[in-house]
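The structure under discussion appears below in the form of structure tokens.
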Amino acid sequence: METQESQRVEFTPEAAALVRKLRERHGPLMFHQSGGCCDGSAPMCYPEGEFRTGGSDVLLAELAVDGVPEPVGFWMSKSQFEVWSHTRLIVDVVPGRGSGFSLEAPEGVRFLIRSRVIGS
């Protein structure tokens, strides 16, 4: 579920269910969209504040998820945002092994991004 003010990022129902599960185990959460390297362009999930953001990052959304008491921030580097600025990011979850740094890694699933051009 996404907030009304943000149409840039949304969770699929499956991703929202995993966010609820991870929130119960780890407390408040945040996402940072990876720019490549080890995990390609995987969205990485961390305990809120564990991944340091700064002036080179953009907060794309603060997503409301049913059953999660606080919004879940979704961040991306400014340089990557320039490339993705015309798209809506849809956070989904699929079977497979994600990064050892992202909280879902031990679950046997991984978050991934599906995208749609804004306006379609």
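Excluded from the calculations below are hydrogen atoms, water molecules and symmetry mates; all remaining heavy atoms, backbone and side chain alike, are included.
Screening residues 68-83 for salt bridge (charged side-chain N to carboxylate O under 4.0 Å, His left out) gives R23-E70 as the qualifying pairs, with residues at least two apart or on separate chains.
Aromatic ring pairs are classed by plane angle as parallel below 30°, tilted from 30° to 60° and perpendicular above 60°; the pair F31 and F11 is tilted.
At a threshold of 4.5 Å between non-hydrogen side-chain atoms, the residues L63 and P71 do not count as touching.
Connection of I90 to V83 is not established within any shared hydrophobic cluster, with ILVMFWY side chains joined at heavy-atom distances below 4.5 Å, either directly or through further cluster members. The same ILVMFWY cluster, assembled from side-chain heavy atoms under 4.5 Å apart, contains both V109 and L29. Linking ILVMFWY residues whenever their side-chain heavy atoms come closer than 4.5 Å, directly or via other members, places V68 and V9 in the same cluster. In this structure, W75 is a member of the same hydrophobic cluster as F101, with clusters built from ILVMFWY side-chain heavy atoms closer than 4.5 Å.
Take D92 and apply the salt bridge (charged side-chain N to carboxylate O under 4.0 Å, His left out) test, not counting sequence neighbours, and it matches R114. For P13, there are no side chain to side chain contact (heavy atoms under 4.5 Å, CB included) partners at least two apart in sequence or on another chain. Residues satisfying the salt bridge (charged side-chain N to carboxylate O under 4.0 Å, His left out) criterion with R20, sequence neighbours excluded, are absent altogether. Taking Y46 as the reference, F51 meet the ring-ring contact (aromatic ring centres under 6.0 Å, His included) condition, with sequence neighbours excluded. A search for side chain to side chain contact (heavy atoms under 4.5 Å, CB included) contacts involving S85 returns F81, not counting sequence neighbours. Residues satisfying the salt bridge (charged side-chain N to carboxylate O under 4.0 Å, His left out) criterion with E50, sequence neighbours excluded, are absent altogether.
Proximity of a side-chain donor or acceptor of E104 to a complementary backbone N or O of F111 within less than 3.5 Å is detected.
Closest of all the heavy-atom pairs between P43 and S102 is O-OG, 4.1 Å. Annotation for T87 and S115: closest pair CB-CB, 4.3 Å, computed over non-hydrogen atoms. Closest of all the heavy-atom pairs between Q80 and Q33 is OE1-O, 3.4 Å.
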ask   = Are V91 and I113 close enough, and set up right, to give a side chain to side chain contact (heavy atoms under 4.5 Å, CB included), and what steps lead you there?
value = CA-CA 5 Å; V91 182; I113 289 293; 3.9 Å; yes
request  = In sequence, state the C-alpha distance, the side-chain angles, and the governing distance for L89 and R8, and then conclude on side chain to side chain contact (heavy atoms under 4.5 Å, CB included).
outcome  = CA-CA 6 Å; L89 304 178; R8 292 211 173 272; over 6 Å; no
key: Audit row: T53, M30, side chain to side chain contact (heavy atoms under 4.5 Å, CB included) steps and yes/no   = CA-CA 11 Å; T53 57; M30 67 179 289; 3.9 Å; yes
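Separation of atoms CZ (F74) and NE2 (H32) is listed at 9.0 Å; rounding is to 0.5 Å.
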